Amino acid sequence: MHWADVAAQSLSHKGDKHVVSTGITPSGEFHIGHLREILTGDMIARAARDAGLDVDFVFVIDSADPLRKVYDFLGPEYEQFVGNQLGAIPAPKDDGNPDWERFENEGWTYANHFLEPFLSALHQIGVQPRLVDNLESYRKGNFAALSKIACDRADDIRECIERISGRELPDDWFPWSPLNSKGGLDKVRVIGYEYPLVHWEDEYGQNGSSDITKGEGKLPWRIDWPAKWGWIGVTCEAFGKDHGAAGGSYSTGREIVEILGHKPPQPLVYEWISLKGKGAMSSSAGNTVGPIEALQLVPPEILRLLIAKSKPNKAIEFDTGMGLVTLADEYERLSARDFEQELANQELSRRQRVQIEDAAGAMRMASTISGNQVQSAAVTFRHLALLAQTKKSDEDVWRSLKDSGAVLTVTPQLQDRLDRMRYWIQSSHFPDEMRIKILSQPSVDVIQHFNKEEEDILRALTVELSNCQWTKKDISAAIPRSIESLAVSHKWLAYKVAYLCLMGVEKGPRLAPILSEMNQNEIVSLLESCIKILDS
RNA sequence: GGGCCUGUAGCUCAGUCAGGUAGAGCGUCGGACUUUUAAUCCGAUGGUCGCGGGUUCGAACCCCGUCAGGCCCGCCA
């Protein structure tokens, strides 16, 4: 059974109505690591709906969290906002400085700025969560009742956090962080509490009172999270392994939520995604691939498959090079299979059955539209990469595919895939080994090892190519013609010789279309240089 | 110091919760086919399940220990 179905089955034992929640702090550029958070939740929600449960899928935007520091991509003006809430400060412009104009005129915040492109990526990927803005929720009073319990039972919560996390809280710790006189959550100390007011004094010499029912502050993270579970009614949440460790925020949260009078949600801990060869995603280290960029390379179904096929506790290495080819080709293979038919076979061992079920489940989760049969593009990534490199116009690509019978009509999906392929080829992610290159100089090492037979073929080939019309059709006829008058052992040797001389490898893509795009004189003179090497 | 996760074929992993002949895909090798020669099809190859003990008729799976890698116990998906 697919992991999402396992989670759904477990939920079904607990009731028919569920709220599956996810949450991200919009502190900077989103990356595909964040996609795992959302997609893991989305897949559980889909599986639960497929199992007949009533599911509300929620994405909490943690806009009430403070700006922790002036990140590298921010200008020095952001110093004044450190400690202030992300949903209450202006967004950075391209130069890293705050965009006051949009902030004042449209209320365009830091949180909006980073969230918007992510939401558009989610739309493409087929994820449609109900959005909950955390800062707005505080302001509307959604946290009011639970904040009161937390403040009333400050000692119980303190005991819980100290016991489970093993960390000692300062004497003036209080389960409510008030906003100071400059709108920040730091540099402030709680000096008293009388519901609904938390009294404070800050390092600027000011003091005041924060109304916990009006969002004039927030609950500290370890209480904020369980309070969200409480008022939203979360019954299931997937979260990163950082929260999942013993002593981490889930282990304190599950007890704190009971103090607040609610049940903890069913957890699912997932591993992180790293960029192949570059370690964990980190915005500050600059080694990120954003969801938008990832979508320029791969179609959304394939991105979904990446998450769906790996069990959550497996770390994923996102490889934008050859790994992408393998992944995409795997998708094509899977989409061509008939899982129902395979499962009808009674002879299957338990192990084989599990494997087929998991593959079927992964494909069910990969579709951007729940319940839709995933569609095969009928063309592998490899083949398309080849065509996209050798054909200048899209029309030529389609003609080739139609001629070969691989494709009957050009669907929007195919066009879409070709567009992404062309983008990928131009990007730095495109792997060298996929790149078609005609040598500029002959590969001396290779040519020197030619035997007599290969040498003869080379001479004949050179003559044929220099005499033929420089069109695809004539070139493709010319290559096999070069061996006609020779008693060669294998007819494919003509191609082997051509590949070795022109590309330095034994096998390659169809030569004629590539050569026809090149200059005849250059190709012929390359072959002549090869002959010179043999003559010398 | 305390804790979590991972370790199975060259690679990516399933199988561990419910112990019962060691599994897939990719790769590799071989063959077929071909003016679709990075394609396609067929076949083969491949593992002391990290290591050591224990429980059991029987252990990749349960228990104890151990090694290695990653992570958490301020913040982070």
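Reminder, nothing fancy here: chain letters follow the sequence lines and each chain counts from 1. Reckoned from all heavy atoms, side chains included, excluding hydrogens, waters and symmetry mates. Worth saying up front: this structure is predicted, and the values here are computed from it rather than measured.
- Classification of the A:H243-A:W221 ring pair by plane angle, with boundaries at 30° and 60°, yields tilted.
- Among B:rC72, B:rG7, B:rC75, the nucleotide with an atom closest to any side-chain atom of A:W221 is B:rC75.
- The backbone N or O of A:K311 lies less than 3.5 Å from no partner atom in the side chain of A:E271, so there is not a single donor-acceptor pair.
- For A:E271 and B:rC72, the CD to P distance is 10 Å, given to the nearest whole Å.
- When distances are taken from the side chain of A:V354 to each of B:rG70, B:rA14, B:rC75, the shortest belongs to B:rA14.
- Rounded to whole Å, the C1' atom of B:rA32 lies 45 Å from the corresponding atom of B:rG69.
- Distance OH (A:Y499) to C1' (B:rA39): 11 Å, rounded to an integer number of Å.
- Note: CD (A:Q9) to P (B:rC17) measures 16 Å, nearest angstrom.
- When distances are taken from the side chain of A:Q355 to each of B:rC26, B:rG23, B:rC73, the shortest belongs to B:rG23.
- Residue A:R68 has its side chain nearest to B:rC75 when only B:rA14, B:rC75, B:rG74 are considered.
- The pair A:E162-A:R158 meets the salt-bridge criterion, since a charged nitrogen lies less than 4.0 angstrom from a carboxylate oxygen.
- Nearest-nucleotide mapping onto RNA chain B: of A:I316 and A:L511, the residue sitting toward the 5' end is A:I316.
- We find that CG of A:L306 is positioned 18 Å from P of B:rC26, with the value rounded to whole Å.
- B:rC13 atom C1' lies 16 Å from atom CG of A:D319, rounded to whole Å.
- When the C1' atom is compared between B:rG15 and B:rG47, the two are found 14 Å apart, to the nearest whole Å.
- Between A:D394 and A:R422 there is a salt bridge, with a side-chain nitrogen of the basic residue lying less than 4.0 Å from a carboxylate oxygen of the acidic one.
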Next item on the list: Whenever both distances are under 3.5 Å in a Watson-Crick or G-U wobble pair, mark it; put RNA chain B into dot-bracket that way, with [ ] for crossing pairs and | when the partner is on another strand.
Entry: ((((((((.[[[[.)....(..]]]].(((((.......))))).....[[[[[..)....]]]]])))))))....

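- Residue A:K309 has no polar side-chain atom (N or O) positioned under 4.0 Å from OP1 or OP2 of B:rA24.
- Nucleotides B:rG53 and B:rG58 are separated by 15 Å at their P atoms, to the nearest Å.
- B:rC42 and B:rG27 have their P atoms separated by 14 Å, with the value rounded to a whole Å.
- Backbone-only engagement by A:A315 is indicated by non-hydrogen atom pairs under 4.0 Å involving sugar-phosphate atoms exclusively.
- The side chain of A:R333 contributes an N or O atom lying less than 4.0 Å from OP1 or OP2 of B:rC26.
- Using atom P as the reference point in both B:rG46 and B:rG3, the two lie 43 Å apart (nearest Å).
- Under 4.0 angstrom from either OP1 or OP2 of B:rC76 there lies no side-chain N or O belonging to A:K241.
- Taking atom C1' on both nucleotides, B:rC73 is separated from B:rU55 by 34 Å, rounded to a whole Å.
- Although no hydrogens or angles enter the test, the distance criterion places a donor-acceptor pair under 3.5 Å between the side chain of A:E37 and the main chain of A:G23.
- Of the P atoms belonging to B:rC62 and B:rG20, the separation is 11 Å, rounded to the nearest Å.
- The pair A:E237-A:K228 does not count as a salt bridge, with every side-chain nitrogen at least 4.0 angstrom from each carboxylate oxygen.
- Formation of a donor-acceptor pair under 3.5 Å by the A:R222 side chain with backbone atoms of A:G248 is found in this model.
- The side chain of A:S165 has B:rC73 as its nearest neighbour among B:rA14, B:rC76, B:rC73.
- Within 6.0 Å of atom NZ in A:K187, 12 or fewer heavy atoms from other residues, nucleotides or ligands are found, so the atom counts as exposed in its surroundings.
- A:R36 comes within 4.0 angstrom of nothing in the nucleic acid, heavy atoms only.
- Judged by distance alone, with hydrogens and angles left aside, the side-chain atoms of A:W3 form a donor-acceptor pair with the main-chain N or O of A:S310 at under 3.5 Å.
- Looking at which nucleotide of RNA chain B each of A:S476 and A:T326 is closest to, the 5′-most match is held by A:T326.
- Atom CD of A:E168 is separated from atom P of B:rG74 by 12 Å (rounded to the nearest Å).
- Within the 4.0 angstrom heavy-atom criterion, no nucleotide atom of any strand lies near A:T22.
- Remark: the separation of the C1' atoms in B:rC29 and B:rG10 is 13 Å, to the nearest Å.
- With A:D224 as the fixed residue, the side-chain contact (heavy atoms from CB on, under 4.5 Å) test singles out one of A:L219, A:I256, A:V60: A:L219.
- One interatomic measurement links the two molecules: CG of A:L169 to P of B:rC75, which rounds to 11 Å at whole-angstrom precision.
- Straight-line distance from the CG atom of A:D186 to the P atom of B:rG74: 19 Å, rounded to whole Å.
- Within the 4.0 angstrom heavy-atom criterion, no nucleotide atom of any strand lies near A:K496.
- OP1 or OP2 of B:rA14 sits under 4.0 Å from a side-chain N or O of A:K314.
- For A:W272, taking side-chain heavy atoms from C-beta onward, the closest of the listed nucleotides B:rC26, B:rC76, B:rA14 is B:rC76.
- Of the candidates B:rG15, B:rC5, B:rC76, B:rC5 carries the atom nearest the A:N313 side chain, counting heavy atoms from C-beta on.
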